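The shown structure was predicted, so the numbers you read here are calculated from the model rather than taken from an experiment.
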Amino acid sequence: MKIAVTYENGEVFQHFGHTEYFKIYEIQDKEITSSQIINTNGSGHGALAGLLSSLQVDTLICGGIGMGAQTALLDAGIKLYGGASGSADKAVESLLAGNFMANPDFSCDHHGHHDHHGENHCGENKHGCAGNGGCN
């Protein structure tokens with residue numbers, strides 16, 4: 001089993017489509033056997049599902065993610081656990097232990113989530129975005 005986590009500075013990165021890194025965990029018998037950080041090389045929303053599939057990832061943990069990216073992951077056969085926040089390592093450990101606590105409303109779309117200054121506030125839980133997550 002391979003689990004990918006959107007990653008930045010040890011934490012679950014909150015914007016799937018903008019993640020610069022994934023931390024990829026190799027799992028055997030519900031234990032982490034190895035991990036590595038992969039640079040996405042600027043791949044956009046659509047290409048990220050293909051990148052994960054090419055790495056033989058079968059599970060993704062992330063913060064917020066849009067419907068298009070969710071569909072691409074589903075089409076690639078990658079199981080999605082969204083709404084995560086905090087330590088990437090702890091999120092994987094929680095999933096493996098069977099007590100991963102995800103926000104069930106982790107989907108978000110940037111459109112309509114800007115204030116009058118044009119700033120995006122996804123992840124601040126002010127505009128209907130995932131409670132701990134962000135947007136695609």
*Side-chain contact, heavy-atom cut-off 4.5 Å: Glu26 with Ile32?*
no

*Kindly indicate, with the supporting measurements, whether the criterion side-chain contact (heavy atoms from CB on, under 4.5 Å) is fulfilled by Phe22 and Leu51.*
CA-CA 10 Å; Phe22 286 111; Leu51 172 65; 4.2 Å; yes

*Got a second to check how far Met1's CE is from Gln28's CD, nearest 0.5 Å?*
12.0 Å

*Exercise: identify the closest heavy-atom pair between Leu55 and Lys2*: O-NZ, 2.9 Å

*asked:* Using the rule given for side-chain contact (heavy atoms from CB on, under 4.5 Å), can you reason through Ile37 versus Tyr7, listing the C-alpha separation, both sets of side-chain angles and the distance that settles it, and then say yes or no?
replied: CA-CA 8 Å; Ile37 297 170; Tyr7 187 81; 3.4 Å; yes

_With a 3.5 Å distance limit and no angle check, can you tell me whether Ser94 reaches the backbone of Phe100 through a side-chain donor-acceptor pair?_
no

*Counting only N and O atoms by type, is there a donor-acceptor contact under 3.5 Å from the side chain of Gln14 to the main-chain atoms of Val12?*
yes

*Give me the one residue out of Val5, Asn39, Asn9, Thr6 that meets side chain to side chain contact (heavy atoms under 4.5 Å, CB included) with Tyr21.*
Asn39

*Indicate the atoms forming the closest heavy-atom contact of Ala76 with Ser53, along with that distance.*
CB-CB, 4.2 Å

_Spacing of Ile38 atom CD1 and Ser54 atom OG [to the nearest 0.5 Å]_ = 9.0 Å

*Can Leu95 and Ile61 be said to form a side-chain contact (heavy atoms from CB on, under 4.5 Å), step by step?*
CA-CA 9 Å; Leu95 181 65; Ile61 297 173; 3.9 Å; yes

Anything under 3.5 Å between a donor and an acceptor, one on a side chain of residues 86-93, the other on a protein residue two or more places apart or in another chain? List them.
from, atom 1, to, atom 2, distance (Å)
Ser87, OG, Asp89, N, 3.3
Ser87, OG, Lys90, N, 3.1
Asp89, OD1, Lys23, NZ, 2.9
Asp89, OD1, Tyr25, OH, 2.6

*asked:* For residues Ile65 and Phe13: do they belong to one hydrophobic cluster (side chain heavy atoms under 4.5 Å, members Ile, Leu, Val, Met, Phe, Trp, Tyr)?
replied: no

*asked:* To the closest 0.5 Å, what do you measure between CG (Leu52) and CD1 (Ile3)?
replied: 12.5 Å

*Hey, is CG on Asn99 packed in by over 12 heavy atoms from elsewhere, all under 6.0 Å?*
yes

*Heavy-atom pair with the smallest gap, counting every atom of Leu48 and Gly17*: CD1-CA, 3.9 Å

*Is any side-chain heavy atom of Leu80 less than 4.5 Å from a side-chain heavy atom of Thr59?*
no

*Fit a plane to each ring of His15 and His18, take the angle between them on a 0 to 90° scale, and name the class: parallel (under 30°), tilted (30 to 60°) or perpendicular (over 60°).*
perpendicular

*How far does CG of Leu60 sit from CD1 of Ile78, to the nearest 0.5 angstrom?*
7.0 Å

*Can any side-chain N or O of Thr40 pair as donor or acceptor with the backbone N or O of Thr19 at less than 3.5 Å?*
yes

*Tell me, with the steps shown, if Thr33 and Ile27 meet side-chain contact (heavy atoms from CB on, under 4.5 Å).*
CA-CA 6 Å; Thr33 58; Ile27 309 299; over 6 Å; no

